[in-house]
Structures are given as structure tokens and as C-alpha cells.
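Every chain is numbered from 1 and lettered A, B, ... according to where its sequence line falls, protein lines coming before strand lines.
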Number of protein chains: 2
Amino acid sequence: MAKSQNTTRIQQRNRAIILDAALDVFSQNGFRGSTVDQIAKAAGLSKPNLLYYYPTKESIFKAVLSDLLDTWLDPLRAMDHDGEPIEEIQAYVARKIEMSRDFPRESRLFAHEIIQGAPRMLETLSTELKDLVDEKTLVIERWMNEGKLNRIHSRHLIFSIWSLTQHYADFEVQVRTLMGDEDPYDAAPAFLETLYHRLLTPTG
Amino acid sequence: MAKSQNTTRIQQRNRAIILDAALDVFSQNGFRGSTVDQIAKAAGLSKPNLLYYYPTKESIFKAVLSDLLDTWLDPLRAMDHDGEPIEEIQAYVARKIEMSRDFPRESRLFAHEIIQGAPRMLETLSTELKDLVDEKTLVIERWMNEGKLNRIHSRHLIFSIWSLTQHYADFEVQVRTLMGDEDPYDAAPAFLETLYHRLLTPTG
DNA sequence: CAGTTATTTGACCAGATGGTCAAACTGACG
DNA sequence: CGTCAGTTTGACCATCTGGTCAAATAACTG
């Protein structure tokens, strides 16, 4: 009996299709700029059918967002407090630039949301993200105290990593327009490596 | 006779009020997320009155955009090819972070537009902005050839300045949430100065 | 196959939104 | 004060949009 399982096979398939279509649409147009019809069309479903799976536009958006958040924060979580400081940070930067290249939609969705004041994410920012950043900030500061890293403002360091990497996804049109044929992702990793090498290496 | 001047006093006043109100609204909600009513209310005018000055929502948006562009590009234009390279770039960075602090609405408006693929700005990006960036790129590369700057990818350098500075305006909510009481703009200028000092100083 | 549950859809609705228009009002100028 | 260009507005319209609903269809179970 289908009743016993709370999600059926069809449900699972369609929810996945919907979330992917919604990510497409929302990341391009933002929440208000997107319509339920657009998402339905992108998912290959009728509007009422879409609303059968997610009762409101808002609920689709929230589902996409919470679906993404873990993936998005994974690179920072993976920064190992037992590792070699500069290597750990460089690895984090490298993972972040890969994510911008491979998941630009995700990056843009967050960008949209935060630019507008994060009306649907403030809660998450001030709890989950803040806790994570606080934790990693302490790690970085310990590394600095141990003389393994040049002493700089740890939070601004984290912001710098976010901004430098996500810029390539969020402002992709601009970057590509100004770089012509050259693929931004060809040189970006090396550029960032140089930058953080010079910024983080302790002065002898 | 009023007819001889193509813009009257009232027109000048109201157009200015409208553009400011529109900047407020558009920078918060993006183009599609903003309504003509919102702008009219913010400007203290009735909707038909607003549309008397700018016949469509699109025309208001374009007016705001072109009004802003020059101001926005001024700091880069001011980079003097005859100056001391590191000083010139540091001065550019300093001006940019000041602009993020003092004109966050402008920064967010551009961010909105570009994230969405710059549908109303591509033309400008690929002409006016590209020309300016091409020109300044050449200057930077000359400086590198002269040994005055560490050799790095000049376009990525420019992108880094944009992303690092505009991040504080565009993602202000996030930055403030994660920094608590501390004002981001207290430490940001020094952080950026350190970063670019280390990045740009030629290796002895 | 029959019954039951899950899925899908066309038709529809109420409110929001961009934009129009004729009429009313204002202010500068002779 | 009268005139007339310039300004303002209430009422209105067509379209878009989020969401509903009853009815039809498909899928699964026994």
C-alpha cells in the first residue's frame, strides 16, 4: 500500500525535477522576478501539478535554499584545524573557486537573496553560518598565534575568500565580457593562490 | 516663457526626487521586484504623475543606471598612469571601499543588474567599461614591465578590487550579521591595504 | 479486474501591476 | 485678471500572477 510510505517514487522524481527547475529560474531572476509558471514550464509540469508538490512559491524557494545550504558550506566545514594552516586555507580557496565554476546557479541564488537583505535567510545566517564562521575564525586566530600565518583580520580574511571566488559566478557576465575569449577559470585559481600565498605567509 | 527652456524648475526637482526614490527601491528589490507604485510613494508623487516624467518603469530604470555609471567608474578613471604604481592602486582601492560605504545603493543596483545577466547594461559593459578596463590594464602591465609591481594577471587584479570592495555593500546584511557590533568599515580599509601591499610589492 | 489512492489538468478567481486618459488644477507671464 | 503651457490626479483597463477546485486520469494493491 502506497499509504505507508510518505513519499512515493513519482513524488521523489518530481520533487527533484522541480527543485532543479526552480534553481534555474530563481537564480536567474530572484524570488520576485520568478513566476510559478516559469518554474512549471522549466520542470515540464502544469502549474497546478507543481503546486500539488509545493503548495506555494515561497515553499519552493525555501526548499531550494535549504537543499543548497549544506553543500554550500561544506568547503568551509572541511577546513581542518589539525592541518597545515596555509595549505588548509589554500585548499578552501581552491574548493570555493571550483564551486563557483561548477555551481554558479547556487552562488547567484544566494547572492540574490543576500543583496535583498536575506529576508528568507537571516535566521540561518545568524545561527548556522555564524556558528560555523565563529568556529573557523578561532582556528585561524590560533594559527596566527602559533606564527603559522601572517597576522590579519580573520573575519575579513573569510569575507575576502567568499567575495573573490563568488565574484566569478555572480558577475560572470561582466567578467566574461571583459575577458573576451579567455576563460576566467583558466587563470583565476593561480591568481588566488598567489594572492593568498603572499597575504598569509608569515614575515620572516 | 517656459516653453523656451526644455526643462522647467519643477521638472528638474521632480526628476531628481524620482531618480533618488527609484534608486532606493530598485537597489532593494531589483527591476522586476520593484513596482511603479512603490517608487511613486517613495517619491511622494502619484503614479500617473510619476509616469508623466518617465513614461515607463523601464525608462526610470535606465535613467537611474546611466545617471550612476559615471560616478561609479570615476575612481578607476582617476588612476593616474603617471603616478607611483602601488600608491595609485592603493588609492583606487581606498576610493572603492569608500564608495561601498557611502553609496551602497548604487553598488547593489549594479549587482542586481549584472547577476541577472545585465539585460539592460550589456551594451555599456562591452563598450564603455571594456574600453576603460582595457586602457587601465595596459597601464598596469606597463608598470609590471617596469618592475614597479609584482607580475600578476592584471584583469584578475581589477576584478579582485571590485569584488573585495563591493562585497561590503552588496552583502552588507551578511557581513554585519557575522561581525556583530564591529563596524566592517573600521578594519576593511587596513585589511585591503595589507592585502594589496603584499600582493603588489615586487619580490626583491 | 475492482477499488482505492495518488497524480494531473482545464477552468477559474482575486488581487497586483504597468500603463492610459480626460479632466482638473497651478503658476508664470502679459 | 485672463490665458495657456505645464502639472497633477481619480478612475479606469488589460494583463499577469499566485493560488484554488472539481473532475479526470494513472498507478498500485488485493
Student: Tell me whether the OP1 or OP2 atom of D/dT7 has a side-chain N or O from B/Tyr52 closer than 4.0 Å.
Tutor: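 Answer yes for this pair, as a side-chain N or O of B/Tyr52 is under 4.0 Å from OP1 or OP2.
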
Student: Between D/dT7 and B/Thr8, is there an OP1 or OP2 to side-chain N/O distance shorter than 4.0 Å?
Tutor: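 True: B/Thr8 side-chain N/O within range (under 4.0 Å) of D/dT7 OP1/OP2.
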
Student: Any heavy-atom pair between the side chains of A/Gln166 and A/Phe110 that's under 4.5 Å?
Tutor: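 They are not in side-chain contact.
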
Student: If you look at every strand shown and take non-hydrogen atoms under 4.0 Å, does A/Leu51 touch a base, only sugar-phosphate, or nothing?
Tutor: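 Base: the residue A/Leu51, judged by heavy atoms under 4.0 Å, touches a nucleobase.
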
Student: Measuring to OP1 and OP2 of D/dT8, would you say a side-chain N or O of B/Asn14 lies under 4.0 angstrom away?
Tutor: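 Yes, because at least one side-chain N or O of B/Asn14 sits under 4.0 Å from OP1 or OP2 of D/dT8.
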
Student: For B/Leu45 and D/dT9, what is the distance between atoms CG and P respectively, to the nearest whole Å?
Tutor: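 Checked: the CG to P distance equals 7 Å.
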
Student: Base, sugar-phosphate or nothing for B/Tyr54? Non-hydrogen atoms, less than 4.0 Å.
Tutor: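 Counting heavy atoms under 4.0 Å across all strands, no contact is made by B/Tyr54.
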
Student: Pick the nucleotide of DNA chain C nearest each of B/Ile10 and B/Ser34; which residue has the one closer to the 5' end?
Tutor: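 Residue closer to the 5' terminus by nearest nucleotide: B/Ser34.
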
Student: Examine D/dG6: is either OP1 or OP2 under 4.0 Å from a nitrogen or oxygen in the side chain of B/Arg9? Give yes or no.
Tutor: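 No.
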
Student: Examine C/dT8: is either OP1 or OP2 under 4.0 Å from a nitrogen or oxygen in the side chain of A/Tyr53? Give yes or no.
Tutor: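 A/Tyr53 to C/dT8 OP1/OP2: side-chain N or O found under 4.0 Å.
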
Student: Ring of B/Tyr54, cation from B/Arg15 - is the NZ or CZ under 6.0 Å from the centre and inside 45° of the axis?
Tutor: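 Flagged: B/Arg15 positioned over aromatic ring of B/Tyr54.
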
Student: So do B/His156 and A/Leu195 actually touch side chain to side chain, heavy atoms under 4.5 Å?
Tutor: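 No, their side chains stay 4.5 Å or more apart.
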
Student: Just the rounded figure in Å: distance from C1' of C/dA6 to CD of A/Gln12.
Tutor: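 It is 15 Å, rounded to the nearest whole Å.
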
Student: From CZ of B/Arg15 over to C1' of D/dG6, roughly how many Å is that when rounded to an integer?
Tutor: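 Interatomic distance, CZ of B/Arg15 to C1' of D/dG6: 12 Å.
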
Student: Return the 5'-most residue of the pair B/Pro48, A/Lys47 with respect to DNA chain C, ranking by each residue's nearest nucleotide.
Tutor: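 The answer here is A/Lys47.
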
Student: Is it true that A/Thr7 and A/Gln12 share a donor-acceptor pair across their side chains at a distance under 3.5 Å?
Tutor: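 There is no such pair (donor and acceptor under 3.5 Å, judged by atom type) between the side chains of A/Gln12 and A/Thr7.
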
Student: Calculate the interatomic distance between A/Lys57 atom NZ and C/dA16 atom P; express it in whole Å.
Tutor: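 Distance, rounded to whole Å: 14 Å.
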
Student: Between C/dA16 and A/Arg32, is there an OP1 or OP2 to side-chain N/O distance shorter than 4.0 Å?
Tutor: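 For C/dA16, neither OP1 nor OP2 has a side-chain N or O of A/Arg32 closer than 4.0 Å.
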
Student: Using a 6.0 Å distance limit plus a 45 degree cone around the ring axis, check whether A/Arg120 lies over the aromatic ring of A/Phe31.
Tutor: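 Cation-pi check for A/Arg120 and A/Phe31: passes.
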
Student: If I take atom CZ in residue A/Phe26 and atom C1' in nucleotide D/dG18, what distance separates them, rounded to the nearest angstrom?
Tutor: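 Going from A/Phe26 (CZ) to D/dG18 (C1'), I get 12 Å.
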
Student: Could you please name the option among D/dG18, C/dG19, C/dC21 that lies closest to any side-chain atom of A/Val36?
Tutor: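 Among D/dG18, C/dG19, C/dC21, the one nearest the side chain of A/Val36 is D/dG18.
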
Student: Respond yes when some side-chain nitrogen or oxygen of B/Asn49 is under 4.0 Å from OP1 or OP2 of D/dT7, and no when none is.
Tutor: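 Result: no.
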
Student: Could you state the CG-P distance from A/Asp37 to C/dG10, rounded to the nearest angstrom?
Tutor: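 One finds 12 Å between P of C/dG10 and CG of A/Asp37, rounded.
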
Student: Just call it for B/Arg13: base, sugar-phosphate, or nothing, with non-hydrogen atoms closer than 4.0 Å on any strand.
Tutor: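 Since no nucleic acid heavy atom lies under 4.0 Å of B/Arg13, the category is nothing.
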
Student: Between D/dT17 atom C1' and A/Leu50 atom CG, what is the distance in whole Å?
Tutor: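 Rounded to the whole Å, the gap is 14 Å.
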
Student: Does any N or O in the side chain of B/Asp170 come within less than 3.5 Å of the main-chain N or O of A/Ile115, such that one atom is a donor and the other an acceptor?
Tutor: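 Checked: no pair found.
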
Student: What is the distance from CD of B/Gln38 to C1' of C/dT17, rounded to the nearest Å?
Tutor: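 From B/Gln38 CD to C/dT17 C1': 11 Å.
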
Student: If only side-chain N and O atoms of B/Gln11 are considered, is one of them under 4.0 Å from the OP1 or OP2 phosphate oxygen of D/dG6?
Tutor: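 No, no such contact exists.
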
